[in-house]
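Following: one structure in structure tokens, then a few remarks.
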Amino acid sequence: MEFLQPPAWREALEARAAHPDALPIWGGTDVMVELNFARKRPAALLDLTNVPELSRWHAEDGGVRIGAGVTYARIIRELGDRMPGLAMASRTVGSPQIRNRGTIGGNLGSSSPAGDALPPLYAVGAVVELASARGERRVPIDEFIVGPKRNVLADDELIAAVWVPERADAAQQFAKVGTRNAMVIAVCSFAISLDDEARTVGTCLGSAAPTPRRAHEAEQFVAQELDWAGRAAIDDGVLQRFGELVAEAAAPIDDQRGSAAYRRHALNVMARRTLKWAWDAA
Ligand SMILES: Cc1cc2nc3c(=O)[nH]c(=O)nc-3n(C[C@H](O)[C@H](O)[C@H](O)COP(=O)(O)OP(=O)(O)OC[C@H]3O[C@@H](n4cnc5c(N)ncnc54)[C@H](O)[C@@H]3O)c2cc1C
């Protein structure tokens, strides 16, 4: 197997164009599992860890551009105050070793419906920046992932970064159900972001449909029902209906981790709890 290790972004894009069959690798926490189980046998690996541009983040235009090579450990340490939902989700990923190694770009690249970084990114309408030697393009995250472990990345493209809108007053929450507390793939998960200024609600359910999925009807319903001006406590009936609408938005399957019925039930509970936590905190 060839091993390509470009020293900078331009060289990485050129290597990608010259070797479209090379598999990009950053932390390797998904790629190495695939190789070890012989599920993939790429002609070459394109190691991006020496590309300094990928490991940077910066604030710009009311948002934050997070390079694809930023790890979960750094999101928790450096971005927890700016994007609390993403940091909460990052804390639930794997173990300290996986959080030190695994990246947001790798979670996007794998495009698993169970990827924990994805629901908080959907809930705030993040945009994925893709690049190739031909140029750059930006794709809304819900158009980037098109099926289980499938995305629109072209053979000569790399994920450069993800753009996350920053709302100083946004109240965000993330909840995940697993078969144990750590080192576990989500049975299902739920992210919510309340935007006080725009008076909108963003949500996303994970591991409960072929892709992470926003519960649009639930978002619209609750945004109308919340007492944004008076900040009164949320009515029980509203919480109830919100939970039901979130569960209805799911298209879960029965598998070894949980039944479809259990996933819908858990989503209903997580939706009600996280909405209440976010509203009370705000
Ligand atoms: C023990 C263990 C526990 C785990 N627990 C969790 C968990 O709790 N939650 C969770 O969501 N995930 C978990 N994972 C999966 C994994 O850690 C995450 O998906 C992580 O984000 C992958 O990042 P990485 O940098 O290691 O990606 P890699 O393995 O290097 O790459 C993953 C995919 O992304 C592609 N890729 C990477 N970077 C780029 C780029 N810049 N451009 C284009 N394509 C790219 C690769 O080609 C590959 O297809 C776990 C894995 C292990 C081994």
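What you are looking at is a predicted structure, and each value in this text was computed from that prediction instead of being measured. Counting convention: from 1, in listed order, for ligands and their atoms alike.
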Could you check atom 27 (O) of ligand 1 against the protein and tell me its nearest heavy-atom contact, residue, atom and distance included? G106 CA, 3.3 Å
Heavy-atom closest pair, residues D116 and N107: N-OD1, 3.5 Å
Give the numbers and elements of all ligand 1 atoms closer than 4.0 Å to a heavy atom of G115. 11 (O)
Which residue and atom name correspond to the protein heavy atom nearest atom 13 (C) of ligand 1, and how close is it? V93 CG1, 4.1 Å
Within a reach of under 6.0 Å around CD1 of I185, are more than 12 heavy atoms found that belong to other residues, nucleotides or ligands? no
Nearest 0.5 Å, please: how far is OG1 in T211 from CG in L205? 9.0 Å
Ionic contact status for E60 with R65, cut-off 4.0 Å: no
Please answer whether the main-chain N or O of A44 pairs with a side-chain N or O of E2 as donor and acceptor at a distance below 3.5 Å. no
So, does R257 use its side chain to make a donor-acceptor pair with the main chain of A186 at under 3.5 Å? yes
For R91, state whether at least one heavy atom is located under 4.0 Å from any atom of ligand 1. no
Backbone N or O of G258 within a donor-acceptor pair of the R263 side chain at under 3.5 Å? yes
Write out the residue and atom name of the closest protein heavy atom to atom 8 (O) of ligand 1, then the distance separating them to 0.1 Å. G94 N, 2.9 Å
Counting heavy atoms under 4.0 Å, the part of I98 that contacts ligand 1 is side chain
Minimum heavy-atom separation for R214 and V201, please, with both atom names. NH2-O, 4.2 Å
Give the numbers and elements of all ligand 1 atoms closer than 4.0 Å to a heavy atom of I25. 30 (O)
For residues V187 and V246: do they belong to one hydrophobic cluster (side chain heavy atoms under 4.5 Å, members Ile, Leu, Val, Met, Phe, Trp, Tyr)? yes
To the nearest 0.1 Å, how far is atom 12 (N) of ligand 1 from its closest protein heavy atom, and which atom is that? N107 ND2, 4.0 Å
Note the single closest protein heavy atom to atom 25 (O) of ligand 1, along with its residue, its atom name and the distance in Å. T103 OG1, 2.6 Å
Can you sort out which atoms of ligand 1 are near L23, meaning under 4.0 Å from one of its heavy atoms? 47 (O)
Atom 15 (C) of ligand 1: the protein heavy-atom neighbour that sits closest, reported with distance to 0.1 Å: D30 OD1, 3.1 Å
Give the single entry among I159, V184, T71 that approaches atom 40 (C) of ligand 1 most closely by any heavy atom. I159
Can W163 be reached from F144 by stepping across I, L, V, M, F, W or Y side chains whose heavy atoms are under 4.5 Å apart? no
One residue to check: K176. Relative to ligand 1, which of side chain, backbone, both or neither has a non-hydrogen atom less than 4.0 Å away? side chain
For ligand 1, is there an atom lying under 4.0 Å from some heavy atom of I185? no
Check whether more than 12 heavy atoms from other residues, nucleotides or ligands sit under 6.0 Å from atom CZ of F37, and answer yes or no. no
Between G28, G105, S90, which one has a non-hydrogen atom sitting closest to atom 38 (N) of ligand 1? G105
With the 4.5 Å side-chain cut-off for hydrophobic clustering, are M270 and I234 part of the same group? yes
Shared hydrophobic cluster for V162 and V146 (ILVMFWY, side-chain gaps under 4.5 Å): yes
Closest protein heavy atom to atom 33 (C) of ligand 1, given as residue, atom name and distance to 0.1 Å: S110 OG, 3.3 Å
Indicate yes or no: does an N/O atom of D116 lie under 3.5 Å from an N/O atom of ligand 1? yes
Looking at L48, which atoms of ligand 1 are within less than 4.0 Å of one of its heavy atoms? 40 (C), 41 (N)
Do any N/O atoms on P24 end up under 3.5 angstrom from N/O atoms on ligand 1? yes
Heavy atom under 4.0 Å from ligand 1: found in M183's side chain, backbone, both, or neither? side chain
Distance-only N or O hit between ligand 1 and Y72, under 3.5 Å: yes
Geometric N/O contact V31 with ligand 1, under 3.5 angstrom: yes
In ligand 1, which numbered atoms sit nearer than 4.0 Å to a non-hydrogen atom of T92? 8 (O)
Could you find the nearest protein heavy atom to atom 22 (C) of ligand 1 and give me its residue, atom name and distance? T29 OG1, 3.3 Å
Closest approach of A271 and F242, non-hydrogen atoms and distance? O-CE2, 3.4 Å
Heteroatom proximity flag, G102 to ligand 1, N/O under 3.5 Å: no
Do A68 and ligand 1 have an N or O pair less than 3.5 Å apart? no
Check E225 with R241, please: is the shortest side-chain N to carboxylate O separation under 4.0 Å? no
Can a side-chain donor-acceptor contact be found between N268 and R272 if the only test is distance below 3.5 angstrom? yes
Looking only at non-hydrogen atoms, which of G109, G27, A22, A160 approaches atom 24 (P) of ligand 1 most closely? G27
